[in-house]
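Working notes for the structure below.
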Amino acid sequence: MSATAIATHLGKYSIVEVDLPGQGVVSLGVLLQDSNTGSLHLRFRRDMDLLAQEEDLEILAALAGDLAGKAREMGSEELFAYLEGTVSGSLRISDRETILVDDFSRTLERLYRQHIQSNVIPFKTHLPRYSLRAAAGKFLDNEEVVEQGWLEAPEDLRHLDTGMFIAEIVGHSMEPVIPDGSLCIFHAQVVGSRTGRLILAEDRQANAYAVKRYKSEKAATEEGWKHQRIRLESLNPDYPSWDLVPDEEKYRIVAEFIRVLDIGQ
């Protein structure tokens, strides 16, 4: 994907900070302004109860909602001017910086992870990232898969559970849904029919992984329903799809694709 294709919008962002007793200056959230439309995108940390004392908690917990309301009433430019001119004391806002944006939601998440170091609350706010790199193409070999820390999930993904994890996708065959270099969220429990879903498949013999759209054809036998054909489909028509030998000992479906968390730069 070219730089021209990615940089389609102009935005400006600031970091909201607070000076807390005994902790110093702590980053609370990100304000991202769409310079073309004037709209405001904001993302604040969700661990306020672990961060602030009881006397400050109510104010900090309400801050994001208060700023979002003021942006709707005043417009983002007026809100930034108001904050830059009036905020003082323990609450602070950094100078606005210009940024090129391809997608405001993803850019906001990226800025949030760069500037906000929130407490990890496993499977409440954060999901584990694993070292496996899955191919948007043929199966991609991996060394031993290990946990590489925790990343905060998007704020609107509220129902996290222990079956969810994050992994990197390499290749162009699942574009435009899954761009090359994406960090993606998966769920290890694929419930119900897999046909038509985007899945993460493993070649057990090669310790290799691939992401594809799953299609299958079954036939009734004396032993029950058996796969006649399993097809892994690319979304990008420039890349091939292929059939798997219906061999449960060699291949298995590891997880279902949930969403893209971020796109590699």
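Sequence positions, counted from 1, serve as the residue numbers for this chain.
The ring-ring contact (aromatic ring centres under 6.0 Å, His included) analysis of residues 70-90, with sequence neighbours excluded, yields no pairs.
Scanning both residues, Val254 and Tyr209, for their nearest heavy atoms gives CG2-CE2, 4.1 Å. Residues Met174 and Glu233 come closest through the heavy atom pair SD-O, 3.9 Å. In terms of heavy atoms, Val177 sits closest to Pro179 at O-CD, 3.5 Å. Taking each heavy atom of Glu155 and Glu109 in turn, the nearest pair found is N-OE2, 4.0 Å. The two residues Ser173 and Lys212 have their closest heavy-atom pair at OG-NZ, 2.9 Å. Across all their heavy atoms, Ile178 and Val211 have their closest contact at CD1-CG1, 3.9 Å.
Both tests pass for Arg43 against the ring of Tyr112: distance under 6.0 Å to the centre and angle within 45° of the axis.
Under the 3.5 Å distance criterion, with hydrogens and angles disregarded, no donor-acceptor pair is assigned to the side chains of Glu168 and Ser182. For His187 and Asp161, the side-chain atoms include at least one donor-acceptor pair closer than 3.5 Å. Side chains of Gln148 and Ser131: no donor on one and acceptor on the other come within 3.5 Å.
If you look at Trp150 and Phe165, their ring centroids are not closer than 6.0 Å.
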### Message
Test side-chain contact (heavy atoms from CB on, under 4.5 Å) on Arg46 and Glu152; report intermediate values, then the result.
### Response
CA-CA 10 Å; Arg46 292 175 283 170; Glu152 190 161 353; 3.3 Å; yes
### Message
One pair to check against side-chain contact (heavy atoms from CB on, under 4.5 Å): Thr98 and Tyr13. What are the steps and the verdict?
### Response
CA-CA 7 Å; Thr98 300; Tyr13 74 93; over 6 Å; no
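Remark: the backbone N or O of Val101 is not paired with any side-chain donor or acceptor of Thr107 at under 3.5 angstrom. Judged by distance alone, the side chain of Ser234 and the main-chain N or O of Pro240 form a donor-acceptor pair under 3.5 Å.
When each of Ile15, Leu111, Leu67 is paired with Leu31, the side-chain contact (heavy atoms from CB on, under 4.5 Å) condition holds for Leu67 and for no other.
The side-chain heavy atoms of Arg129 and Leu183, taken from C-beta on, include a pair separated by under 4.5 Å. In this structure, Ile169 and Val260 have side chains that are not in contact, with every pair of non-hydrogen atoms separated by 4.5 Å or more. Using a 4.5 Å heavy-atom threshold, the side chains of Pro122 and Val120 count as touching.
Arg96 has a carboxylate O that lies under 4.0 Å from a charged side-chain N of Glu84, or vice versa, which qualifies the two as a salt bridge. By the 4.0 Å N-to-carboxylate-O rule, Asp156 lies close enough to Arg259 to be salt-bridged with it. In summary, Arg106 and Asp262 do not engage in a salt bridge, as defined by a charged side-chain N under 4.0 Å from a carboxylate O. Between Glu256 and Arg194, none of the side-chain N atoms (NZ, or NE/NH1/NH2) sits under 4.0 Å from a carboxylate O, so this pair counts as no salt bridge.
Residues that satisfy the side chain to side chain contact (heavy atoms under 4.5 Å, CB included) test with Ile121, not counting sequence neighbours, are Asp47, Leu50, Lys124, Thr125.
Side-chain heavy atoms closer than 4.5 Å link hydrophobic residues (I, L, V, M, F, W, Y) into clusters, and following such links, possibly through other members, connects Leu157 to Phe123. Both Met74 and Leu40 are assigned to one and the same hydrophobic cluster, defined by single-linkage of ILVMFWY side chains at heavy-atom distances under 4.5 Å.
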